Amino acid sequence: MDNLIKIRDISSKYDISARTLRYYEDMGLISSTRSQDYAYRLYDQANLKKLEQILILRKLNISVKDIKRIFSASGSETVLEVLDKKVEDIDSEVALLHELKEIIMDFVNYIKHTDFNKDSDVKMLYEKTKEIEGQLTNVDYTGNASPINRLMEITEKLDKKVPDIFVVRIPKFRAMTTGLVGWDKVFGMGIDGMATKTVPILFDGEDFLYGQDGKAAWIWRIHDDVTEADIHPFKITEFVGGLYAVSVCMDGDGESHDKVRAKTEKWLEGTNFAIDNSRELMGHMIYVDDEIKKGLGYEQMALYAPSKLKEDV
């Protein structure tokens, strides 16, 4: 026990969720142990070292599928191959950025000679373009941050891609729920033997998962004639429904969840919608399909960000 680290201590030290740790375990990247006198997962120093490697590789935007390949290889050939491919991708992105910069600079020079008095829209466009120009040319860096800290800053600045997002309305529906329980416990509360009680919500999945105050709850839509006696120990509740901004990310990867949510909120700023903080962010399994998981290296999950019209905010 003395050399083993508790899951909550790891979550705090590395700023990752217990769900992310479980996901890395499910993907075979790390492993944990359990003691007879302690119910939760514990990790040894070897797995902590692996976790640190995973976190650095993920910051380099190395996929979980490629990280599995790296960990499975006996030599350094695989990691060199993966990193060489990443360098090629960066070179391509740099070339595109330089091309984009040249286009914007030409545009700036053109607008500088435009008569603002005749076209106010052009002036507004000029101001916006100057803002973009500054973002592209301001690459100076001062400070004594370690290489890893600088890596975090660079990857965060470059990660501007917005996922495909669409807005849907989920109707109210009758549901059964686990209620809010600990994250470790919620994943052991499946619905085996209750398939005839549930109704698909979207696609072929019927579940939603949300977190609140350090706990989590499953929600499944159920048929109208189902009673609590039919679904014990679950409870019946009424799902309120509403508008949601939907985007796709990796299931289980807490870092992916946080980034996708932040980008969803940013995307909503350009629409007539805003985040509705009175409801919880939810995850929904799009397809629970082994063939798709094998092809991608991870399961797809849709994040549902509760939304409402800005006029209602």
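Below, all heavy atoms of this structure are taken into account, side chains as well, without hydrogens, waters or symmetry copies. Since we're looking at a predicted model, the values are computed, not measured.
Remark: Val94 pairs with Ile90, His98 by the side chain to side chain contact (heavy atoms under 4.5 Å, CB included) rule, at least two apart or across chains. Listed by chain and number, the residues in a side chain to side chain donor-acceptor pair (under 3.5 Å) with Gln53 amount to none (sequence neighbours excluded). Checked against salt bridge (Lys or Arg N to Asp or Glu O under 4.0 Å), Lys85 has the following partners two or more places apart in sequence or in another chain: Asp89. For Asp15, the side chain to side chain contact (heavy atoms under 4.5 Å, CB included) test picks out no residue, with sequence neighbours left out. In this view, Arg174 satisfies the side chain to side chain donor-acceptor pair (under 3.5 Å) rule with no residue, not counting sequence neighbours. In this structure Ser76 satisfies the side chain to side chain contact (heavy atoms under 4.5 Å, CB included) test together with Val79, Leu80, sequence neighbours excluded. Glu25 pairs by the salt bridge (Lys or Arg N to Asp or Glu O under 4.0 Å) definition with Arg41, not counting sequence neighbours. Residues forming a ring-ring contact (aromatic ring centres under 6.0 Å, His included) with Tyr210 (at least two apart in sequence, or on another chain): none. Qualifying side chain to side chain donor-acceptor pair (under 3.5 Å) partners for Ser278, counting only residues two or more places apart in sequence or in other chains: Asp276. In this structure Val240 satisfies the side chain to side chain contact (heavy atoms under 4.5 Å, CB included) test together with Arg279, sequence neighbours excluded. Glu81 pairs by the salt bridge (Lys or Arg N to Asp or Glu O under 4.0 Å) definition with Arg69, not counting sequence neighbours.
Among Asp66, Asp91, Ile62, the single residue meeting the side-chain contact (heavy atoms from CB on, under 4.5 Å) criterion with Lys86 is Ile62.
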Per-pair distances, 0.1 Å, donor-acceptor, side chain in residues 228-237, under 3.5 Å, sequence neighbours excluded:
unit_1: Glu228; atom_1: OE2; unit_2: Ile236; atom_2: N; d: 3.0
unit_1: Asp230; atom_1: OD2; unit_2: Thr227; atom_2: N; d: 2.9
unit_1: Asp230; atom_1: OD2; unit_2: Thr227; atom_2: OG1; d: 3.1

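Between Lys13 and Asp9 the shortest side-chain heavy-atom distance does not fall below 4.5 Å.
Environment of CG in Asn272: sparse, with no more than 12 heavy atoms of neighbouring residues, nucleotides or ligands closer than 6.0 Å.
Under the 6.0 Å distance and 45° angle rule, Lys50 counts as a cation-pi partner of Phe71.
Distance check, rounded to the nearest 0.5 Å: OG of Ser31 to OH of Tyr24 gives 15.5 Å.
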